[in-house]
Amino acid sequence: MAEHALLLPVGNMWRYLACAKSELRLDLTLACGQSFRWRETAEGHWTGVMGGRVWTLSQTDEALRYHVHRSSGGRGEPAGPRERRAGVPLHTEGSSGGSSAGAVNEEEEEEEEEEDDEEEEPVTEDTDEEAEMLRDYFQLNVSLGDLYQQWGAADPHFQRIAASFPGVRVLRQDPTECLFSIICTANNHISRIHGMVDRLCQALGAPLGTLDGTSYHDFPSLSALAGGGVEARLRDLGFGYRAPFLQRSAAQILAADGPRWLEGLRAAPYAEAHEALCALPGVGAKVANCVCLMSLDKAEAVPVDTHVWQIAKRDYGYTAGKAPKSITNKLQRDLGVFFRTLWGPRAGWAQSVRFCAELKKFQPLRETAQLKKEDEDEDEDKKEVTVAREGAKAEGSGNAKGGRNKPARHKKAKTSA
DNA sequence: AACTGACCTTT
DNA sequence: AAGGTCAGT
């Protein structure tokens, strides 16, 4: 029910936010595996759900353009904390093409027609609020240009790719959405993850409306994720062994004061947040680092995956000594310290740029600048990196290994009532 | 404390 | 093999 609330098409009602392309590149930032909620619905146009609303974003050289799709008859309340949804029905097109992309809840489409929310508040304030939502989501208060400068000066390998991959920012995502999306990424393909997150929202998230035949859903709430039968449902949706991780993690968080527990970690030190996350089923060191970096304001967190490990070996000669067969926790800690020493307190941001540049889908971008650049100096700076391992603790709460606070290990708690 | 395989599916 | 995690040694 309410599956087919009609979302208004993008008219000429773009809003603009001053933002240079060197500060933000939508294509790189939205498709590099941080969030799996955005699709390029048209050339240079990215549509997705953020903060309980459906957005379409695009950009010019100097501005970020955005539009929020309003439901024409939506009764689906946004699950967000703010309930004030200034939905103003403009066109009341008879709901036509119910082209069921979901095939799940096929309903006879009823005429969208109920109490049209009488405008109870002036809508003008909403636009400022939405601009602020974007600034927060993209963390536009952080000057990426300055950071690129610093990283490039400190690291010739970063400098080598910087010009080809500008505007790669770390998103500030909702912690719940980030956590449960990232759990899905473990031992998985990016191409597959997109579909999984999509089906997750389709199956358990509140419907927000339909646009161009595609239905959009909010990210599932913790209660929806923790519900009985969720594991089996997700198994059917192709989540494999991750299905119980999602359900059990949700239940565990709910038992620990719900979303406030997660959001509270934003104010906690990196090491503490990392440790707390690792207590959740399906959350190891790498996933915890991703969540810390992309939703909990831990800019120093460096997720070490196979790509970063390859980079470390190839570019920074980080095999000196021993090369574990797999990426161990110790290796992740050591590499975290190493990259924080190299890149500084926002090492996680720099890592995101390097990771992005490593993705196969973005290799064409690399070629372009490579031709311009020189291509002779290759192995130049492969020096000892072991030296850097020493004074790496100089950055406050850098490494996420200290902290012997409280055990709080539930992890394998089966059906702990 | 640090390593080694098994593990759901899909490219 | 894929942007790992878990349990056992």
Side-chain angles (χ1 to χ4, degrees), chain A residues 28-37 168 170-171 173 178-200 230-249 252 274-295 301-314 321-336 339 348-363 399-404 407 409-414:
Chain A
L28 299 178
T29 302
L30 261 26
C32 70
Q34 292 187 63
S35 169
F36 302 93
R37 297 286 275 151
V168 180
V170 170
L171 300 172
Q173 300 181 254
C178 184
L179 170 63
F180 288 91
S181 296
I182 299 298
I183 288 179
C184 298
T185 68
N187 192 26
N188 209 347
H189 292 267
I190 289 184
S191 52
R192 181 184 169 203
I193 300 167
H194 256 288
M196 288 170 61
V197 174
D198 219 40
R199 293 194 293 277
L200 180 67
V230 165
E231 175 180 344
R233 185 87 182 279
L234 294 180
R235 283 272 186 187
D236 289 338
L237 291 176
F239 279 68
Y241 58 71
R242 301 169 196 81
F245 291 163
L246 295 170
Q247 194 276 330
R248 290 176 52 208
S249 277
Q252 194 164 311
H274 187 272
E275 183 184 7
L277 289 172
C278 284
L280 298 169
V283 180
K286 189 269 179 181
V287 167
N289 272 323
C290 283
V291 178
C292 277
L293 174 64
M294 303 176 201
S295 74
V302 180
V304 176
D305 50 42
T306 55
H307 289 241
V308 174
W309 176 223
Q310 291 309 312
I311 291 173
K313 285 189 294 187
R314 164 167 46 82
K322 66 285 171 185
K325 214 171 173 175
S326 60
I327 299 177
T328 63
N329 283 356
K330 170 172 166 49
L331 177 62
Q332 297 188 51
R333 284 195 303 270
D334 292 347
L335 276 178
F339 282 123
W349 285 55
Q351 174 271 351
S352 297
V353 180
R354 293 232 53 183
F355 177 86
C356 178
E358 208 67 18
L359 293 178
K360 186 164 298 181
K361 61 178 2 173
F362 290 139
Q363 291 316 297
N399 47 1
K401 76 169 180 188
R404 56 219 59 179
R409 293 298 74 102
H410 295 298
K411 211 64 168 188
K412 71 174 179 185
K414 215 173 248 278

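Computed from a predicted model, the values in this text were never measured in an experiment. So you know, we letter chains A, B, ... as the sequences are listed, proteins then strands, and number each from 1.
- Rounded to an integer number of Å, the gap from A/I193 CD1 to C/dG3 P is 7 Å.
- In this structure, A/H194 and A/F36 have perpendicular ring planes: the angle between them is above 60°, well past the 30° mark.
- Of the candidate nucleotides C/dG3, C/dG4, B/dC3, C/dG3 has the atom nearest to the side chain of A/H307.
- Spacing of C1' atoms, B/dA1 relative to C/dA7, comes out at 15 Å, to the nearest Å.
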Original post:
Passes side chain to side chain contact (heavy atoms under 4.5 Å, CB included), A/V168 versus A/F362? Steps please.
Top reply: CA-CA 12 Å; A/V168 180; A/F362 290 139; over 6 Å; no
Subject >> Letter per nucleotide, 5' to 3', of nucleotides 6-11 of chain B [B base touched, S only sugar-phosphate touched, - untouched; heavy atoms, 4.0 Å] >> reply: -BBBBB
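- If you take atom C1' in C/dA1 and the same atom in B/dC7, they sit 14 Å apart, rounded to whole Å.
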Original post:
DNA chain C in dot-bracket, Watson-Crick or G-U pairs under 3.5 Å, [ ] crossing, | other strand?
Top reply: ||.||||||
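- Contact of A/K286 with C/dG4 (side chain to base): no donor-acceptor pair of N or O atoms is detected under 3.5 Å.
- For A/T328 and B/dC3, the shortest distance from a side-chain N or O to OP1 or OP2 is below 4.0 Å.
- Between the P atom of C/dG3 and the CE atom of A/M294 lies a distance of 13 Å, rounded to the nearest Å.
- Atom CG in A/D334 sits about 12 Å away from atom C1' in B/dA2, given to the nearest Å.
- Distance noted for atom P between C/dG8 and B/dC8: 15 Å (whole Å).
- At whole-Å resolution of the value, CD1 in A/I327 and C1' in B/dG5 are 16 Å apart.
- Smallest separation of non-hydrogen atoms from A/T29 and A/Q34: O-NE2, 3.8 Å.
- The side chain of A/K325 has B/dT4 as its nearest neighbour among B/dT4, C/dG3, B/dA2.
- Both A/F245 and A/P303 lie close to DNA chain C; mapped to their nearest nucleotides by heavy-atom distance, the more 5′-ward contact belongs to A/P303.
- Among the atoms of the strands shown, none is found under 4.0 Å from any heavy atom of A/C184.
- For A/S295 against A/Q173, the heavy-atom pair with the smallest separation is CB-O, 3.2 Å.
- Nucleic acid contact for A/A243: none, since no nucleic acid atom lies under 4.0 Å from a heavy atom of the residue.
- Atom P of nucleotide C/dT5 and atom CG of A/D305 are separated by 10 Å, given to the nearest angstrom.
- Taking atom CG of A/L179 as the reference point, atom P of C/dG3 lies 20 Å away to the nearest angstrom.
- Taking the C1' atom of each, C/dA2 and B/dA6 are spaced 16 Å apart, rounded to whole Å.
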**OP:** Just do the side chain to side chain contact (heavy atoms under 4.5 Å, CB included) check on A/N289 and A/V302 with the steps written out, would you?
**Re:** CA-CA 6 Å; A/N289 272 323; A/V302 180; over 6 Å; no
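- Between A/T306 and A/I327, the closest side-chain pair of non-hydrogen atoms falls below 4.5 Å.
- Side-chain contact check for A/V283 versus A/L179: some heavy-atom pair is nearer than 4.5 Å.
- Contact annotation: the side chain of A/L359 approaches that of A/C32 to within less than 4.5 Å [non-hydrogen atoms, C-beta and beyond].
- Nucleic acid contact for A/V308: none, since no nucleic acid atom lies under 4.0 Å from a heavy atom of the residue.
- With rounding to whole Å, A/W309 atom CH2 is found 15 Å from C/dA2 atom P.
- Closest approach of A/S249 to A/F180, counting heavy atoms only: CB-CE2, 3.9 Å.
- Remark: of the listed residues A/D305, A/I193, A/V197, A/I193 is the sole one forming a side chain to side chain contact (heavy atoms under 4.5 Å, CB included) with A/T185.
- Here the C1' atom of nucleotide C/dG3 and the CD1 atom of A/I182 are 9 Å apart, to the nearest Å.
- Side-chain atoms of A/L277 and A/C292, non-hydrogen and from C-beta on, do get closer than 4.5 Å to each other.
- Listed candidates were C/dG3, B/dT4, C/dT5. Nearest to the side chain of A/Q332 is C/dT5.
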